[in-house]
Amino acid sequence: MRDDSSKPVSNFIKHIIDEDIKNGKNDGRIHTRFPPEPNGYLHIGHAKSICLNFGIAVDYSGLCNLRFDDTNPDREELKYVAAITEDVHWLGFSWENREYYASDYFEQLYGYAIELIKKGRAYVCDLNSDEIRQHRGTLTEAGQESPYRNRPADENLDIFMRMRAGEFEDGARTLRAKIDMSSGNINMRDPVIYRIQRSTHHRTGDQWCIYPMYDYAHCISDSIEKITHSLCTLEFEDHRPLYDWFLDEIGVFHPQQIEFARLNLSYTVMSKRKLLQLVNGGHVKGWDDPRMPTIAGLRRRGYTPESIRIFCDRIGVAKADSTVDMALLEYCVREDLNKRAPRIMTVLHPLKIVILNYPHDTIEELDAVNNPEDESAGTRKVPFSREIYIERDDFMEDPPKKFFRLAPGREIRLRYAYFITCEKAVKNDRGEIVELHCTYDPATRGGDAPDGRKVKATLHWVSAEKFIQTEVRLYSHLFTEAEPDSRKDGTEFRDYLNPESLEVLTDCYAEPSLSSSKPGEHFQFERLGYFCVDPESSPERPVLNRTVTLRDTWAKIKNKN
RNA sequence: UGGGGCGUCGUCAAGUGGUAAGACACAUGGUUUUGGUCCAUGCAUUCGGGGGUUCGAAUCCUCCCGCCCCAGCCA
């Protein structure tokens, strides 16, 4: 699936692919893969990779596999593969029957390891992890060769097979590639390719007590699947020589690894580790907390797959480290929801109005447009009565020059209803405004004055006779700093958690029609923002999450003052 | 004193020797029964810096500066 197909996006990876096709590489075949480790939830950074990999497959009439990189059973769980497949599907991508697992290749991987041993390119090392580290050297000093480095091939073969058979304790030995302990690239200093690890794998159970390492398993998995272009993030750039080394030594199909910059987003963090800390530390309510940049969180917040896809198209793909402005993501979801979200009126902070000259015991049903951007969305009836609620912010007793909403003596329009004029603000003992007394002009029914007189503002409102009480959860940035995790002053991301990232409003009043809404449905609350029905919602008591506010010019003017 | 990358508008990002796309953000007008949407306009004489090659350089050469990644039996 591709959005914005009218504007094909160019990037350096496509240039490489174009060139490859021109040169007839792989007979013009294009095959990518998205290779998550099932050890956590997907976030918007993964969405970038998903859109890139699946998008390229679509653009070049190729294929994209979903492959779980499940070579470390200590951290991986079945529940994560379920969550990941759900998220990728939800984003709108399909991999048909090409759902693969690195663990499917364990036997083949083992076979290639035997070959490497026979070729003298791998050896069993008896050093423990501390000793291996000590032998590795430093960034500026070469490493020392392991005393086991020149163990004869047949002995290596024998011990490696006994490793598989379970003869040795966890961590007692490793299989290592025999490359170059003095390489400037630390990845090439005889990297471990198999470790002994007795943990139950979510797919292979207790069949194995040795597991391959990422560098070894990943390139061969790509090769087995005949991947043509293996796209990964920048931190794997240093691993490419190793990726190439394994495939060259084994002599199998050789995909091309290409690295791109991972996505960073302002006002949030984007690593599984940090997101996990937010969950475990109780700073959010879970992986799908609407404040989280996870796919599950964004979904619950009310982001649509389309909005995320178009966002991924717009941010581009390059090799420079970058942090994309959260405002772009918000723009993308507003743009999408503006076209599709039905409008409804909801008052978040109610202020009662009594319309003195409107009859008691009368409820009118007024026509309201469901979506001015989509005529086919039709109209609905909204009940109007003598007492209504408006937004507290829409009235000021002593308004500044540029405030053109309701004020004493001023006439405004109630959307789809009538013009009303504020006659009096009624206060309590403490001088707080408790309600407004207004009068209406019956001739303005529907919202237009027959005499053509204009009004400076149109306010949303809800009948105080017929409404549904709702809970509304307002979200704002999770962090108070744009880049909470890359500061140099000794502080860390958790120091910048926004204490006001969630505000729960339990006494909001919505049009009655909201009671028939279902979890996941989107609405625009007129003049306020886009909202999405939460899974915790019920017909008796709807719960709405604010996805994003509307652009608010008045707020800008107010803040400038 | 190691290896690998990257520096184009506030933020992303095109550009691949012929004279700086686009988007977001920002600003200003217009339309409007959402201070929304939409529309129009403005917003890098210059591409991290210096030198060089060339009729011509963000693009080529050279030196310098800055930033990111790497020392898991994680991925």
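Here is the naming used below: chain letters follow the sequence lines, and residue numbers restart at 1 for every chain. All figures in this text were calculated on a predicted structure; none of them were measured in a lab.
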Please determine, for the side chain of A:N338, which listed nucleotide (B:rA14, B:rA25, B:rG36) has the closest atom? B:rG36

A:Y194 near the nucleic acid: base, sugar-phosphate alone, or nothing, with a heavy-atom cut-off under 4.0 Å? nothing

In Watson-Crick or G-U wobble terms, with both distances under 3.5 Å, the base opposite B:rG35 is none

Quick check for you: among B:rU34, B:rG72, B:rA13, whose closest atom lies nearest to any side-chain atom of A:R527? B:rU34

Mind calculating the distance between CG (A:L265) and P (B:rA25) to the nearest angstrom? 14 Å

Can A:R314 and A:E335 be counted as an ion pair, charged N to O under 4.0 angstrom? yes

Taking only side-chain nitrogens and oxygens of A:K556, does any of them come within less than 4.0 Å of OP1 or OP2 of B:rC26? yes

Counting only side-chain heavy atoms from C-beta out, which of B:rG35, B:rG72, B:rC74 sits nearest to A:R133? B:rG72

Going by the glycosidic torsion and a 90 degree boundary from 0, is the base of B:rG10 oriented syn or anti? anti

Between B:rA57 and B:rG50, how far apart are the two P atoms, rounded to whole Å? 14 Å

Distance check, C1' atoms only: B:rA58 and B:rU16, in whole angstrom units. 11 Å

Nearest to the side chain of A:K319, which nucleotide is it out of B:rC6, B:rG36, B:rG10? B:rC6

Look at A:S10 and B:rG15 and indicate whether a side-chain polar atom (N or O) is within less than 4.0 Å of OP1 or OP2. yes

Applying salt bridge (charged side-chain N to carboxylate O under 4.0 Å, His left out) to A:D441 and A:R453, what does each step give before you reach the verdict? CA-CA 12 Å; A:D441 177 357; A:R453 73 179 189 277; 2.9 Å; yes

Determine the contact category for A:P372: base if any of its heavy atoms lies under 4.0 Å from a base atom, sugar-phosphate if only primed atoms, P, OP1 or OP2 are that close, otherwise nothing. base

Contact class for A:Q197 (heavy atom, under 4.0 Å): base, sugar-phosphate, or nothing? sugar-phosphate

Counting just side-chain N and O atoms, does A:R314 come under 4.0 Å of either OP1 or OP2 of B:rG22? no

Nucleotide paired to B:rU41 in any strand shown, Watson-Crick or G-U, under 3.5 Å: B:rA27

Nearest-Å distance for atom pair CG/P, residues A:N371 and B:rC38: 13 Å

On RNA chain B, does the nearest nucleotide to A:P212 precede the nearest nucleotide to A:I186 from the 5' side, or the other way round? Give the residue. A:I186

From the list B:rG3, B:rC73, B:rG5, which nucleotide is the closest neighbour of the side chain of A:D238? B:rG3

CZ of A:F260 versus C1' of B:rC68: gap in Å, rounded? 16 Å

Counting any heavy atom closer than 4.0 Å, what does A:R136 reach on the DNA or RNA strands: base, sugar-phosphate only, or nothing? sugar-phosphate

Roughly how far apart, to the nearest Å, are B:rG2 and B:rG56 at atom P? 38 Å

Quick one: label A:L550 by what it contacts on the DNA or RNA (base, sugar-phosphate, nothing), any heavy atom closer than 4.0 Å. base

Atom pair distance, as rounded to whole Å: NZ in A:K22 and C1' in B:rU16: 12 Å

Below 6.0 angstrom between ring centroids: does that apply to A:F236 and A:H218? no

N/O (side chain, A:R262) to phosphate O (OP1/OP2, B:rG5) under 4.0 Å: no

With a 3.5 angstrom cut-off on both distances, give the Watson-Crick or G-U wobble partner of B:rA75, or none if there isn't one. none

A:Q134 vs B:rA71: side-chain N/O to OP1/OP2 distance below 4.0 Å: no

At 4.0 Å (heavy atoms only), tell me whether A:Y211 reaches a base, stays on the sugar-phosphate, or touches nothing. nothing

Classify the nucleic acid contact of A:R343 as base, sugar-phosphate or nothing, counting any heavy atom under 4.0 Å across all strands shown. base

Of the candidate nucleotides B:rC12, B:rG5, B:rU34, which contains the atom at the shortest distance from the side chain of A:L234? B:rG5

Name the closest nucleotide to the A:R415 side chain, picking from B:rC69, B:rU34, B:rA75. B:rU34

Give me the distance, rounded to whole Å, that separates B:rA44 from B:rU8 when you measure between the C1' atoms they each carry. 8 Å

Is it true that A:Y41 and A:Y80 have ring centroids separated by less than 6.0 Å? yes

Taking the C1' atom of each, how far is B:rG22 from B:rC43, in whole Å? 14 Å

d(CG, A:N185; P, B:rG5) in whole Å: 10 Å

Within the structure, does a side-chain N or O atom of A:R176 lie under 4.0 Å from either OP1 or OP2 of B:rG72? no

Just N and O in the side chain of A:H15: are any of them under 4.0 Å from OP1 or OP2 of B:rG15? yes

Atom CG of A:D170 and atom P of B:rG72 are separated, to the nearest Å, by 20 Å

Interatomic distance, A:N187 CG vs B:rC74 P [rounded to whole Å]: 14 Å

Closest nucleotide among B:rC68, B:rC69, B:rU37 to the A:D321 side chain: B:rC68

May I ask whether A:W554 stacks on the base of B:rG35, given the cut-offs of 5.5 Å between ring centres and 30° between planes? yes

Would you mind classifying the nucleic acid contact of A:E526 as base, sugar-phosphate or nothing, using non-hydrogen atoms under 4.0 angstrom? base

So does A:R67 pair up with A:D222, basic N to acidic O under 4.0 Å? yes

First of A:A318 and A:G184 reached from the 5' end of RNA chain B, by closest nucleotide: A:G184

Is it the case that the ring center of A:Y303 lies less than 6.0 angstrom away from the ring center of A:F311? no

Of the candidates B:rC73, B:rG35, B:rA75, the side chain of A:T458 sits closest to B:rG35

If I pick the P atom on B:rG5 and the same atom on B:rC47, what distance separates them, to the nearest angstrom? 25 Å

Mind checking who B:rC67 pairs with, Watson-Crick or G-U wobble, both distances under 3.5 Å? B:rG5

Can you tell me which nucleotide in B:rU34, B:rG4, B:rU37 comes closest to the side chain of A:E237? B:rG4

Please report, rounded to the nearest Å, how far the P atom of B:rC74 is from the CG atom of A:L276. 18 Å

Presence of A:T553 side-chain N/O under 4.0 Å of B:rG36 phosphate oxygens OP1/OP2: yes

Given A:Y194, which of A:F160, A:F106, A:Y214, A:Y211 fulfils the ring pair (Phe, Tyr, Trp, His ring centres under 6.0 Å) condition? A:F160

Please classify the nucleic acid contact of A:Y214 as base, sugar-phosphate, or nothing, using heavy-atom distances under 4.0 Å. base

Check for me whether A:R203 meets the cation-pi criterion with A:Y101, that is, NZ or CZ under 6.0 Å from the six-membered ring centre and within 45 degrees of the ring axis. yes

Does the side chain of A:R551 get closer than 4.0 angstrom to OP1 or OP2 of B:rU34 through an N or O atom? no

Output yes when at least one side-chain N/O atom of A:T71 is less than 4.0 Å from OP1 or OP2 of B:rA75, else no. yes

Do A:R164 and A:W208 meet the cation-pi criteria used here (NZ or CZ under 6.0 Å from the six-membered ring centre, within 45° of the axis)? yes

Have a look at A:T138 and say if it touches a base, only the backbone sugar-phosphate, or nothing, with a 4.0 Å heavy-atom cut-off. base

Measuring centre to centre across the rings, with the benzene-like ring taken for any Trp, is A:W554 within less than 6.0 Å of A:F404? no

